[in-house]
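Notes to accompany the following structure.
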Amino acid sequence: MHTHTTVAIVGAGPAGLLLARLLHRAGIDCVVLESRDRAYVEARQRAGILEQGTVDVLRAAGAGERLDREGLPHDGVELRWAGRGHRIDFPALANGRRVWIYAQTEMVKDLIALQLAEGPPLLFEAPVTAVTGPDTQRPTVSYAHEGAERTLTCDYVVGCDGFHGVTRRAVPDALTTTYEREYPYSWLGILADVPPPSDELIYAHSPRGFALASMRSRSVSRLYLQVPNGTDPAQWPDERVWDELEARLDLDGGRKLTRGRITQKSVLPMRSHVTEPMSYGRVFLAGDSAHIVPPTGAKGLNTAVADVVVLARAFDQLHRTGSGELLDAYSETCLRRVWQAEQFSYFMTSTLHTDPEQSPFTTRLQIAQLERIASSPHAAAELAGSYVGPPLP
Ligand code: APR
Ligand code: PHB
């Protein structure tokens, strides 16, 4: 049983698992506590786009082998509106950088397999109930495991426990500022056993609402439709989903979608959220526990990865030199990138979706924005640079 560690990590999503891997390789002790069981964590459907910087980190951490075999490098995306498409060429516009299609759930499986084989300790079905003493030398993490209440003392706690986690609660409300926006629409996401309609992603603006054609492999499509908040997936039988995707994607020459078995259907709310600061005393927040973006632009996972890279480097500096300089700067360093991701995700979301209350004037502005991206290399480069992501700090 583990009773003390250097860094207690709450949550085994991509942020917690990658942080554990980076600390382990730096020779720093840690323990990961995850509330769910392994099968649940490995089956959760989430994002699918890895920025170049994320891929570089996974490779350097020895977690890039399957990604290099099965991941699909993408050199562009298509924006569609008013029945025509415009391709954004990443390498040409963003200094040779590109993105990769590799499902977050696959990345999670790879990191779990590595951690169970090589350490550090990873406990499933170990929900953390409280983090206490964040401003003392010895914070304590209380958790349940195998029917017993347990405690883990540590030098530092990192909350990688997502938006609904408990670690954020250890930071006093009076010292926290929350910035939030909810959007007046959601996404209906489906997974289907059909080849994607195009080799690259398609982001479509349409009078019927937004649609996105993404993929998980050459034979599995991941497709999204803008739907009203509160939509029940049962309102969307398969034929209705395909008809609507076809109408909104409005493919060249009236090309039809390949229809096939839909294996998963769910509704995702859209929200922007930032908690500042991202640290208090010896408690640090990383990934979704500190910030959420709407998924348009695929920044959630990549921003979580950037946080833990900054944090691992800070712990490494402390471990090697005794200096807490990088650790003290953690929140400020991360928030600069976080707000860039918030801004880009807001921009992509508000440019491509149709607010139910939207005036015709706003629709014309959206079209003008898209036309500008299509006609100005500067505007296209701005989008490409944000999409592939800034280099990791
Ligand atoms: N105790 C232990 N584990 C917890 C607790 C708790 N009290 N609360 C939540 N968890 C676990 C969840 O079960 C989950 O496995 O924390 C993990 C959080 O993982 P994610 O929600 O995936 O968050 P994060 O690792 O920050 O990943 C970044 O980017 O693509 C987006 O939202 C998407 O999940 C993605 C995120
Ligand atoms: C996905 O494949 O799940 C995906 C891709 C691009 C996005 C959002 C989600 O912008």
Side-chain angles (χ1 to χ4, degrees), residues 8-20 31-38 40-51 54 72 74 77 79 99-105 107-108 111-112 122-131 141-145 152 157-170 187 189-191 196 200-203 210-217 220-224 264 266 268-271 273 285-308 341 344-345 348-349 352 386-387:
I9 300 176
V10 186
L17 291 165
L18 181 60
L19 178 63
V31 172
V32 181
L33 302 172
E34 164 60 46
S35 56
R36 304 288 192 156
D37 63 30
R38 182 179 179 184
Y40 181 94
V41 171
E42 292 191 341
R44 217 162 22 194
Q45 269 305 319
R46 292 278 178 86
I49 298 274
L50 307 187
E51 292 175 4
T54 297
L72 304 174
H74 275 208
V77 292
L79 301 178
V99 298
W100 299 70
I101 290 279
Y102 192 64
Q104 176 174 322
T105 151
M107 169 183 162
V108 161
L111 288 168
I112 288 175
L122 163 56
L123 273 63
F124 288 104
E125 298 179 82
V128 169
T129 48
V131 172
V141 176
S142 306
Y143 67 103
H145 193 50
L152 176 67
V157 182
V158 183
C160 298
D161 44 351
F163 186 62
H164 300 287
V166 300
T167 312
R168 201 168 59 223
R169 290 189 221 143
W187 278 10
I190 66 150
L191 209 53
E200 293 181 340
L201 268 59
I202 304 174
Y203 288 83
F210 172 73
L212 168 60
S214 180
M215 65 194 78
R216 288 293 172 266
S217 69
V220 176
S221 295
R222 177 75 171 151
L223 301 150
Y224 298 100
Q264 206 243 353
S266 57
L268 295 70
M270 312 266 285
R271 173 189 290 126
H273 172 108
L285 303 176
D288 277 16
S289 77
H291 43 76
I292 300 278
V293 289
T296 335
K299 290 292 143 206
L301 168 62
N302 294 292
T303 310
V305 166
D307 288 350
V308 300
F344 177 65
S345 307
M348 289 289 280
T349 302
L352 291 164
S386 298
Y387 199 99

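In listed order, ligands and their atoms are each counted from 1.
- At a 4.0 Å heavy-atom cut-off, ligand 2 touches Arg216 through the side chain alone.
- Contact annotation: Leu212 has at least one heavy atom less than 4.0 Å from an atom of ligand 2.
- Short contacts between ligand 1 and Ala304, defined as distances under 4.0 Å to a heavy atom of the residue, involve ligand atoms 28 (C).
- Residue Trp187 has no N or O atom closer than 3.5 Å to an N or O atom of ligand 2.
- Of all atoms in ligand 1, listed by their number and element, those nearer than 4.0 Å to a heavy atom of Gly287 are 26 (O).
- Closest approach of Val32 and Gly11 over heavy atoms only: CG1-O, 3.7 Å.
- Not a single donor-acceptor pair under 3.5 Å links the side chain of Ser214 to the backbone N or O of Leu201.
- Across all non-hydrogen atoms, the minimal contact from Phe163 to Arg168 is O-NH2, 3.1 Å.
- For the atom pair Leu191 CG and Gln45 CD, the distance stands at 5.0 Å (nearest 0.5 Å).
- Atom OG1 of Thr167 is separated from atom CD1 of Ile9 by 11.0 Å, given to the nearest 0.5 angstrom.
- When the heavy atoms of Val308, Leu301, Asp288 are ranked by distance to atom 33 (C) of ligand 1, first place goes to Asp288.
- At least one N or O atom of Pro295 sits closer than 3.5 Å to an N or O atom of ligand 2.
- A distance of 9.5 Å separates OH in Tyr387 from CD in Glu51, rounded to the nearest 0.5 Å.
- In this structure, the protein non-hydrogen atom closest to atom 3 (N) of ligand 1 is Ser35 N, 3.1 Å.
- Here's the thing with Val10: none of its N/O atoms is less than 3.5 angstrom from an N/O atom of ligand 1.
- For atom 13 (O) of ligand 1, the closest non-hydrogen atom on the protein side is Glu34 OE2, 2.6 Å.
- Nearest protein neighbour of atom 21 (O) of ligand 1, counting heavy atoms only, is Arg46 NH1, 3.2 Å.
- Where the criterion is an N or O separation shorter than 3.5 Å, residue side chain and backbone included, Gly297 meets it with respect to ligand 2.
- Nearest to atom 2 (O) of ligand 2 by heavy-atom distance, out of Ala103, Ser214, Ala298, is Ser214.
- The side-chain contact (heavy atoms from CB on, under 4.5 Å) test with Ile112 is passed by exactly one of Met107, Glu34, Glu42: Glu42.
- Residue Arg44 places a heavy atom less than 4.0 Å from ligand 1.
- Distance check: Ser221 OG to Ile190 CD1 gives 7.5 Å after rounding to the nearest 0.5 Å.
- The option with the heavy atom closest to atom 27 (O) of ligand 1, from among Gly13, Pro14, Gly159, is Pro14.
- Looking at every heavy atom in both residues, Ser289 comes nearest to Leu285 through OG-CB, 3.5 Å.
- Taking the side chain as every heavy atom from C-beta outward, Tyr40 and Phe124 never approach each other to under 4.5 Å.
- Per-residue contacts place Leu33 under 4.0 angstrom from the following atoms of ligand 1 (heavy atoms of the residue considered): 2 (C), 3 (N).
- Within the listing of ligand 1, atoms 30 (O) sit less than 4.0 angstrom from a heavy atom of Ala47.
- The two atoms that bring Phe344 and Ser386 nearest to each other are CD1-CB, 3.3 Å, heavy atoms only.
- Asp161 contributes no side-chain N or O that, together with a main-chain N or O of Pro127, makes up a donor-acceptor pair within less than 3.5 Å.
- Atoms of ligand 2 lying under 4.0 Å from at least one heavy atom of Leu201, given by number and element, are 5 (C), 6 (C).
- For atom 6 (C) of ligand 1, the nearest protein heavy atom (residue, atom name, distance) is Val128 N, 3.8 Å.
- Proximity to Ile49 (heavy-atom distance under 4.0 Å) selects the following atoms of ligand 2: 5 (C), 6 (C).
- Residue Arg36 approaches ligand 1 through these ligand atoms, each under 4.0 Å from one of its heavy atoms: 13 (O).
- In terms of protein heavy-atom proximity, atom 6 (C) of ligand 2 is nearest to Tyr203 OH, 3.2 Å.
- What sits closest to atom 25 (O) of ligand 1 on the protein, heavy atoms only, is Ala15 N, 3.0 Å.
- Put simply, CG on Asn302 and CD on Gln104 are 9.5 Å apart, with the number rounded to the nearest 0.5 Å.
- Here the CZ-CG distance, from Arg38 to Leu122, works out to 8.5 Å after rounding to the nearest 0.5 Å.
- Of the candidates Gly11, Pro127, Cys160, Ser289, it is Cys160 that places a heavy atom closest to atom 18 (C) of ligand 1.
- Residue-to-ligand polar distances place Tyr224 within reach of ligand 2: an N/O pair is separated by less than 3.5 Å.
- Considering only non-hydrogen protein atoms, atom 9 (C) of ligand 1 sits nearest to Asp161 O, 3.1 Å.
- For atom 30 (O) of ligand 1, the closest non-hydrogen atom of the protein is Gln104 OE1, 2.9 Å.
- Between Val293 and Gly300, the shortest heavy-atom contact is CG2-N, 3.5 Å.
- Shortest non-hydrogen contact noted between Leu111 and Leu18 is CD1-N, 4.0 Å.
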